[in-house]
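In each ligand, atom 1 is the first atom listed, and ligand 1 is the first ligand listed.
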Amino acid sequence: MKVLILGADGYLGWPTCLYFSQRDHEVIGVDNYFRRNAAIELDCESLIPAANLHQRSKIWEEITGRKIKVHIGDVTNYEFLLSIFREYNPDAVIHYAEQPSAPYSMINRDKAAFTLQNNLISTLNIVYAVKEANPECHIIKIGTMGEYGTPNIDIEEGWLEIEHKGRKDKFLFPRQTGSLYHTTKIQDTDMLWFYVRTWGITVTDLMQGPVYGLSTDECDLDPRLMPFFHYDEIFGTVLNRFVVQAVAGYPLTVYGKGNQTRGFLNLKDTMQCVYLSATQPAERGQLRIFNQLTELFSVNQLANKVKQIGDKLGYNVKVEQIENPRVEKEEHYYNIAYSGLLDLGLKPHYLTDEILESFFAIADNYKNCINRNAFLKGIKWK
Ligand SMILES: NC(=O)c1ccc[n+]([C@@H]2O[C@H](COP(=O)([O-])OP(=O)(O)OC[C@H]3O[C@@H](n4cnc5c(N)ncnc54)[C@H](O)[C@@H]3O)[C@@H](O)[C@H]2O)c1
């Protein structure tokens with residue numbers, strides 16, 4: 001397959017480039033370095049320094065003999081994106097190129113406006129480029145489990161059949177989320193569904209939970225191939241943040257009561273899910289939705305696991321419940337259907353003690369680079 005990966009420099013995009021390349025697919029990676037620049041602007045850079053995308057793909061080529069083609073540019077620039085589609089005519093496009101942080105979208109009006117513009121226009125441009133260059137190209141869009149919010153009913157896999165006053169119909173599962181960033185993801189899904197119905201494009205929308213970890217078979221080949229490791233309040237996902245806080249001797253920052261429950265997955269499983277979706281595509285003219293997670297944890301359960309392993313390794317981990325900067329339910333019902341990707345062949349890597357210990361070992365290697373000011377930036381929803 002020829003696979004176009006948008007957001008190729010990112011936490012998920014870079015390992016995805018390697019994963020497809022290692023399996024003999026032709027990979028074209030695009031990024032505009034938004035994430036790197038935003039992290040410098042907000043003083044919350046990756047714990048592990050990462051060479052730029054050109055240099056990383058050269059390192060990959062030196063090690064494996066495989067090439068990843070790199071283009072630096074903005075997906076919201078339609079002429080640029082269309083020229084990439086025309087040059088390569090990809091079979092699949094994987095869309096990671098968005099502003100991915102809820103706190104970032106809540107900093108101020110400008111960051112909110114950027115998030116709206118960046119996320120919605122990038123998705124719109126991809127739809128148009130596919131229609132213009134190759135309507136058969138399969139769009140794989142990374143959505144988020146956060147789109148559903150925490151409803152007091154079971155969360156189905158994308159769709160809900162409703163019977164109302166004796167008549168039945170099937171709709172997108174109701175979405176009610178907790179940040180402007182997540183709202184743009186809902187709007188993306190609505191937009192894709194509109195163009196699937198109207199133009200018959202083919203889309204897989206992956207409702208992904210928070211990802212943790214840094215290890216994949218390909219990234220493990222050389223430390224220079226490691227993905228970004230963000231552990232800050234803005235770009236760091238919760239488990240990545242807790243592990244670095246534990247190593248730094250900083251109390252784990254649990255927001256509010258800590259009973260907020262979410263569906264998590266290992267970075268290795270993100271690779272599998274995206275790969276399975278690409279190699280077993282949606283049907284032509286279908287919007288296929290999968291819930292992408294492998295196990296549920298509350299924030300307290302994660303903090304306790306990190307404390308238990310950290311204490312065993314001699315870190316003397318403290319856990320602190322701080323005032324919740326977000327507006328979210330701290331106690332709620334959460335029951336999710338997520339069988340679709342398992343049916344396609346996903347073999348989950350669960351969060352074992354060994355996995356957490358190896359994660360501690362990586363963070364410990366970079367202990368001297370930890371920026372303690374990055375753990376809390378004071379971004380509040382209200
Ligand atoms: N990491 C997670 O836990 C997680 C969970 C659920 C959903 N997601 C989604 O997965 C996707 C990737 O997330 P990530 O954690 O890898 O984030 P990331 O910020 O590390 O990666 C996104 C990449 O896209 C690039 N980008 C952003 N806007 C762009 C544009 N207009 N043109 C070109 N490049 C652009 C950024 O520079 C960055 O390198 C996002 O859409 C995010 O919403 C991530």
- Query: Would you say the side-chain atoms of Q99 and S105 include a donor-acceptor pair closer than 3.5 Å?
  - Reply: no
- Going by atom types only, do N371 and Y231 share a side-chain donor-acceptor pair under 3.5 Å? no
- Parallel, tilted or perpendicular: which describes the rings of H230 and F228, with under 30° parallel and over 60° perpendicular? perpendicular
- Message: Does R372 qualify as a cation-pi partner of F375, given the criterion of NZ or CZ under 6.0 Å from the six-membered ring centre and within 45 degrees of its axis?
- Response: no
Once you restrict both partners to nitrogen or oxygen, which atoms of ligand 1 have a protein partner under 3.5 Å, and how far apart are they?
from: ligand 1; atom 1: 3 (O); to: V211; atom 2: N; distance (Å): 2.8
from: ligand 1; atom 1: 8 (N); to: Q208; atom 2: NE2; distance (Å): 3.4
from: ligand 1; atom 1: 16 (O); to: Y11; atom 2: N; distance (Å): 3.4
from: ligand 1; atom 1: 16 (O); to: L12; atom 2: N; distance (Å): 2.9
from: ligand 1; atom 1: 17 (O); to: R35; atom 2: NH1; distance (Å): 3.3
from: ligand 1; atom 1: 19 (O); to: R35; atom 2: NH1; distance (Å): 2.6
from: ligand 1; atom 1: 20 (O); to: Y11; atom 2: N; distance (Å): 2.8
from: ligand 1; atom 1: 20 (O); to: R35; atom 2: NH1; distance (Å): 3.0
from: ligand 1; atom 1: 28 (N); to: N118; atom 2: ND2; distance (Å): 3.1
from: ligand 1; atom 1: 31 (N); to: D74; atom 2: OD1; distance (Å): 2.8
from: ligand 1; atom 1: 31 (N); to: N118; atom 2: OD1; distance (Å): 2.8
from: ligand 1; atom 1: 32 (N); to: V75; atom 2: N; distance (Å): 2.9
from: ligand 1; atom 1: 34 (N); to: N32; atom 2: N; distance (Å): 3.3
from: ligand 1; atom 1: 34 (N); to: N32; atom 2: OD1; distance (Å): 3.1
from: ligand 1; atom 1: 37 (O); to: D31; atom 2: OD1; distance (Å): 2.6
from: ligand 1; atom 1: 37 (O); to: F34; atom 2: N; distance (Å): 3.0
from: ligand 1; atom 1: 37 (O); to: R35; atom 2: N; distance (Å): 3.0
from: ligand 1; atom 1: 39 (O); to: G10; atom 2: N; distance (Å): 3.3
from: ligand 1; atom 1: 39 (O); to: D31; atom 2: OD1; distance (Å): 3.3
from: ligand 1; atom 1: 39 (O); to: D31; atom 2: OD2; distance (Å): 2.7
from: ligand 1; atom 1: 41 (O); to: K185; atom 2: NZ; distance (Å): 2.8
from: ligand 1; atom 1: 43 (O); to: Y181; atom 2: OH; distance (Å): 2.6
from: ligand 1; atom 1: 43 (O); to: K185; atom 2: NZ; distance (Å): 2.9

- Item | H25-Q22 side chain donor-acceptor pair, cut-off 3.5 Å | no
- R66 and S21 side chains, donor-acceptor separation under 3.5 Å: no
